[in-house]
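Comments concern the structure below.
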Amino acid sequence: MFLAVLFCLCWSFQISSGHFPRACATSRNLMAKECCPPWTGDGSPCGQLSGRGSCQDVILSNAPSGPQFPFKGVDDRESWPSVFYNRTCQCSDNFMGFNCGNCKFGFGGPNCTEKRLLIRRNIYDLSVPEKNKFLAYLTLAKRTISPAYVIPTGTYEQMNNGSTPMFSDINIYDLFVWMHYYVSRDTLLGGSEVWRDIDFAHEAPGFLPWHRLFLLRWEREIQELTGDENFTIPYWDWRDAENCNICTDEFLGGRHPENPNLLSPASFFSSWQIICSRPEEYNSQQALCDGTPEGPLLRNPGNHDQAKTPKLPSSADVEFCLSLTQYETGSMDRTANFSFRNTLEVFLNNGSEDTVLC
Ligand SMILES: *[C@@H]1O[C@H](CO)[C@@H](O)[C@H](O)[C@H]1NC(C)=O
Ligand SMILES: *[C@@H]1O[C@H](CO)[C@@H](O)[C@H](O)[C@H]1NC(C)=O
Ligand SMILES: *[C@@H]1O[C@H](CO)[C@@H](O)[C@H](O)[C@H]1NC(C)=O
Ligand SMILES: *[C@@H]1O[C@H](CO)[C@@H](O)[C@H](O)[C@H]1NC(C)=O
Ligand SMILES: *[C@@H]1O[C@H](CO)[C@@H](O)[C@H](O)[C@H]1NC(C)=O
Ligand SMILES: *[C@@H]1O[C@H](CO)[C@@H](O)[C@H](O)[C@H]1NC(C)=O
């Protein structure tokens, strides 16, 4: 999970999701490399007194590093989270979280022993009040500073190896935008050098587990924020859709009548600001995205990849993808053939000339 070690399928990197518990963003924690905050229920680190967990050395995978990343010791995300912390909470039973204060996904109740089944629903099956509730939750998340997490605004080195912490508040919605940025950003090599071929969440076997965890974490944050323990993110079934049919003011926002890159002023999201949209700027300054608002949401549905017709996968494409029996193949990257992961991720249109077959 965030600061626990997650044995992932990706090249050899631990999954780096970029959650920094506020309680561990101090120079004391960074210098000691320990992130074992107290559980509020009993005040002991990792809820140890209640048998929830204990503070343990982080055990790293010793799988070899893949060819995507020919460096060692230059990127904070390597061997996550060991650059920042080498002791974290390890939780027992169904407990989870940076202080073992949460339940594993699929469990609830005071001792995390009650099974919970949550179902994600088609956005078109939501009633109007349910849909409005979903939008209201998003607004609340966008307006609420995360009580539990902060984001680093500098690298470990820029923090003088932990002695001068650089962290910022962030709202709950943007925390997830930032995490996605952080895991997929380029490696800063110093001077004006960057390494662009690395990505800790895409174009490799870790794609599915990383994003699955990401969505589960996101749902959990919304559940905690709203007290709606049954909240799930609705899905959009785009099979056979001719265009972005949820890009309407009722749902994710229609197109601005004059500027195709902007949302319609009547859209719920037209007043939202984006973050982490200028990777070249951060790279040139050898800096990290610090979560500062960078302007209105930009969207231009249907025009991302003009070459693909139809632009969205068909039912037959989905059937084909699901018929692939190997999760991952060969090079395990964006050129992998007949890889379920790669086909799913890149929507490789198997009939077209310009893409690798599956
Ligand atoms: C963890 O980091 C601290 C501080 O750098 C160091 O003293 C300690 O030996 C490390 N522990 C392990 C298990 O690597
Ligand atoms: C939870 O566990 C504690 C400690 O084992 C126990 O005292 C308590 O009764 C349990 N609560 C429930 C609701 O099962
Ligand atoms: C941080 O640690 C690295 C590696 O141990 C060392 O080379 C560097 O001098 C340290 N920087 C500071 C500011 O302490
Ligand atoms: C969540 O769903 C369960 C099972 O349907 C129900 O018993 C519970 O009351 C719901 N909780 C809330 C907060 O709506
Ligand atoms: C391409 O995908 C379709 C389904 O979209 C499938 O029926 C067909 O067999 C695939 N072609 C090849 C060459 O794999
Ligand atoms: C995938 O198949 C194509 C076409 O047969 C081939 O040119 C390419 O080298 C294969 N890619 C890998 C990574 O094996």
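When a ligand or atom number is given, it counts from 1 through the structure's own listing order. Just the heavy atoms: all of them, side chains too, but no hydrogens, waters or symmetry mates, feed the values below.
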List, for ligand 3, each N/O atom that has a protein N/O partner under 3.5 Å away, with both atom names and the distance.
| residue | atom | partner | partner atom | Å |
| --- | --- | --- | --- | --- |
| ligand 3 | 2 (O) | Asn161 | ND2 | 2.2 |
| ligand 3 | 11 (N) | Asn161 | ND2 | 3.0 |
| ligand 3 | 14 (O) | Asn161 | ND2 | 3.3 |

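In Arg121, the CZ atom is crowded: over 12 heavy atoms of neighbouring residues, nucleotides or ligands sit closer than 6.0 Å.
Residue contact check: Asp57 has heavy atoms under 4.0 Å from atoms 13 (C) of ligand 1. Every atom of ligand 1 with a heavy atom of Met31 under 4.0 Å away is listed here by number and element: 4 (C).
Between Tyr282 and Cys276 the shortest side-chain heavy-atom distance falls below 4.5 Å.
A distance of 6.0 Å or more separates the ring centres of Phe214 and Trp218. In this structure, Phe269 has its ring center at least 6.0 angstrom away from the ring center of Phe251. The aromatic ring centroids of Phe207 and His211 lie less than 6.0 Å from each other. Phe200 and Tyr182 have their aromatic ring centers separated by at least 6.0 angstrom.
Using a cut-off of 4.0 Å between Lys/Arg side-chain N and Asp/Glu carboxylate O, Asp93 and Lys104 are scored as not salt-bridged. Taking the charged nitrogens against the carboxylate oxygens, Glu203 and Arg196 have no contact shorter than 4.0 Å, which rules out a salt bridge.
Among the atoms of Glu229, some N or O lies under 3.5 angstrom from an N or O of ligand 4.
Heavy atoms of Arg87 stay at 4.0 angstrom or farther from ligand 1.
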